[in-house]
Amino acid sequence: MTYPIFIGAFQWELLEEHIKKKLKDPENVELVLERVKCILKIPGKINSSWNCRSYLSKRPLQLCNSSLRLFFNTTVLADVMFKIQGATVPAHRAVLVARCEVMAAMFNGNYIESNSFLVPVYGISKDTFLSFLEYLYTDSCCPGSILQAMSLLICAEMYQVSRLQHICELYIITQLQSMPSRELASTSLSVVSLLRKAKFHNSDCLSNWLLHFIASNYLIFSQKPEFEDLSVEERNFVEMHRWPSSMYLKQLAEYRNYIHSRKCHCLVM
């Protein structure tokens, strides 16, 4: 799906239609819808569309602040367990299928996961995967650091959840923009490493912004060892768009020499 299904006054019929498209087996459709109804506490039978419309018109579905949050990382009604880094994380197929196309294909296609209760997860830390599941259940996320946001972005790219990718991109950009120059100069965080990961995981928006960020803070980054890790193409871009520019620094030096030679003082300074 290209958008979250639990928003505003989303109609039950549309939810039913999406589930039917993902799950071809009528029995699986009925099971998933029953579980969604149980999680959302919607009264009445599935085929009672009048009851659903009446209920939804009185109380819009709210994913972020209501029932689904209560089921995040709990075994209550859980029908799948993810095994990651030696631990198990409970989840609900109905939520996963509705919120993530990759999960929908995984649990509905000819994959071993479709008939497995225990599903192994590789290449992701437990904390990152929990943050990813939290987003699926609550439609929100709150990374604790730039590195955590990058890990979550990589996980989102792996499962093709584009909105979460954009949220992580915005978080990283906002955090870097708010960092004072002194902190930016002394931090051990490698912006060039972030650039590499952003490019590798198809985050074009973030990678383009990071290149401009390096160019805009040229005097800081040009002194860092990581600056040498830029490719020739990236280095050319940074040199072309750098600030302060070479011409500006040259003119500034000439002006200072002129003032010094005349033994004058700049009143503005």
Q.
side-chain contact (heavy atoms from CB on, under 4.5 Å), that's the test. Do L176 and L189 meet it? Break it down for me.
A. CA-CA 10 Å; L176 287 175; L189 177 69; 4.1 Å; yes
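- The backbone N or O of G144 sits less than 3.5 Å from a side-chain atom of Q148, completing a donor-acceptor pair.
- Within 6.0 Å of atom CG in N257, more than 12 heavy atoms from other residues, nucleotides or ligands are found, so the atom counts as buried in its surroundings.
- Transitive grouping of hydrophobic side chains (ILVMFWY, heavy atoms separated by less than 4.5 Å) keeps L153 and L170 in distinct clusters.
- In this structure, a donor-acceptor pair under 3.5 Å is present between the side chains of S203 and E169.
- Although no hydrogens or angles enter the test, the distance criterion places no donor-acceptor pair under 3.5 Å between the side chain of T187 and the main chain of L184.
- A continuous path of Ile, Leu, Val, Met, Phe, Trp and Tyr side chains, each step under 4.5 Å between heavy atoms, connects I220 with I214, placing both in one hydrophobic cluster.
- With salt bridges taken as basic N to acidic carboxylate O contacts below 4.0 Å, none links E157 and K197.
- With contacts defined as side-chain heavy-atom distances shorter than 4.5 Å, the pair L96/L133 qualifies.
- Nearest approach of A156 to Q165, heavy atoms of both residues: CB-CG, 3.6 Å.
- Side-chain atoms of S207 come within 3.5 Å of backbone N or O of D204 as a donor-acceptor pair.
- For the pair R196 (side chain) and D229 (backbone), a donor-acceptor distance under 3.5 Å is present.
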Q. Yes or no on side-chain contact (heavy atoms from CB on, under 4.5 Å) for T88 and F82, after CA distance, side-chain angles and deciding distance?
A. CA-CA 5 Å; T88 55; F82 291 100; over 6 Å; no
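- At a threshold of 4.5 Å between non-hydrogen side-chain atoms, the residues K83 and K126 do not count as touching.
- Heavy-atom minimum distance, V191 versus F213: CG1-CD2, 4.4 Å.
- For OH of Y122, the number of neighbouring non-hydrogen atoms (other residues, nucleotides, ligands) closer than 6.0 Å is 12 at most.
- Distance CG/L70 to OH/Y137: 11.5 Å, rounded to 0.5 Å.
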Q: Step by step, work out the side-chain contact (heavy atoms from CB on, under 4.5 Å) result for S140 and R69.
A: CA-CA 10 Å; S140 64; R69 181 181 293 274; 4.0 Å; yes
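- Summarising the geometry of H201 relative to I154, their closest heavy-atom pair is CE1-CG2, 3.3 Å, with the distance given to 0.1 Å.
- Residues L219 and L211 are members of one and the same hydrophobic cluster, defined by side-chain heavy-atom contacts under 4.5 angstrom among Ile, Leu, Val, Met, Phe, Trp and Tyr.
- How far CG of L210 is from CD1 of I173: 7.0 Å, rounded to the nearest 0.5 Å.
- Around CZ of R256, the count of heavy atoms belonging to other residues, nucleotides or ligands within 6.0 Å does not exceed 12.
- A donor-acceptor pair shorter than 3.5 Å cannot be found between the side chains of S131 and T128.
- Between V192 and F227 there is no side-chain heavy-atom pair separated by less than 4.5 Å.
- Note that R99 lies in the cation-pi zone of Y135, set by a 6.0 Å cut-off to the ring centre and a 45° limit from the axis.
- Within the 4.5 Å cutoff, no side-chain heavy atoms of L206 are placed close to those of L194.
- A parallel orientation is assigned to the rings of Y159 and F132, their planes being inclined by less than 30° (bins at 30° and 60°).
- Summarising the geometry, atom CZ belonging to F237 is positioned 11.5 Å from atom OG belonging to S231; distances are rounded to the nearest 0.5 Å.
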Q: Applying side-chain contact (heavy atoms from CB on, under 4.5 Å), run through V95 and M103 and close with a yes or a no.
A: CA-CA 10 Å; V95 177; M103 292 283 191; over 6 Å; no
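- Between the side chains of H241 and Y218, no donor-acceptor pair of N or O atoms lies under 3.5 Å.
- I167 contributes atom CD1, which lies 11.0 Å from atom SG of C142 (distance to the nearest 0.5 angstrom).
- Between V161 and C100, the shortest heavy-atom contact is CG2-SG, 4.0 Å.
- In the hydrophobic cluster analysis, where Ile, Leu, Val, Met, Phe, Trp and Tyr join through side-chain heavy atoms closer than 4.5 angstrom, M106 is grouped together with M158.
- Here the closest heavy-atom approach between residue I124 and residue I84 is recorded as O-CD1, 3.1 Å.
- Both L136 and V121 are members of a single hydrophobic cluster when ILVMFWY side chains are connected at heavy-atom separations under 4.5 Å.
- Atom CD of E228 has more than 12 heavy atoms from other residues, nucleotides or ligands within 6.0 Å.
- E234 and K199 are joined by a salt bridge, as a carboxylate oxygen and a charged side-chain nitrogen come within less than 4.0 angstrom of each other.
- L77 is listed as a side-chain neighbour of H92, based on a closest heavy-atom distance under 4.5 Å.
- W209 CH2 to L195 CG: the interatomic distance, rounded to the nearest 0.5 Å, is 11.5 Å.
- Of the charged side-chain nitrogens involved, at least one lies within less than 4.0 Å of a carboxylate oxygen, so that R163 and D139 count as a salt-bridged pair.
- In this structure, the separation between NZ on K224 and CG on N217 is 10.5 Å, given to the nearest 0.5 Å.
- Side-chain atoms of S116 never come within 3.5 Å of backbone atoms of L118 as a donor-acceptor pair (strictly under, hydrogens ignored).
- Nearest heavy atom pair, residue F107 against residue S114, reads O-CB, 3.3 Å.
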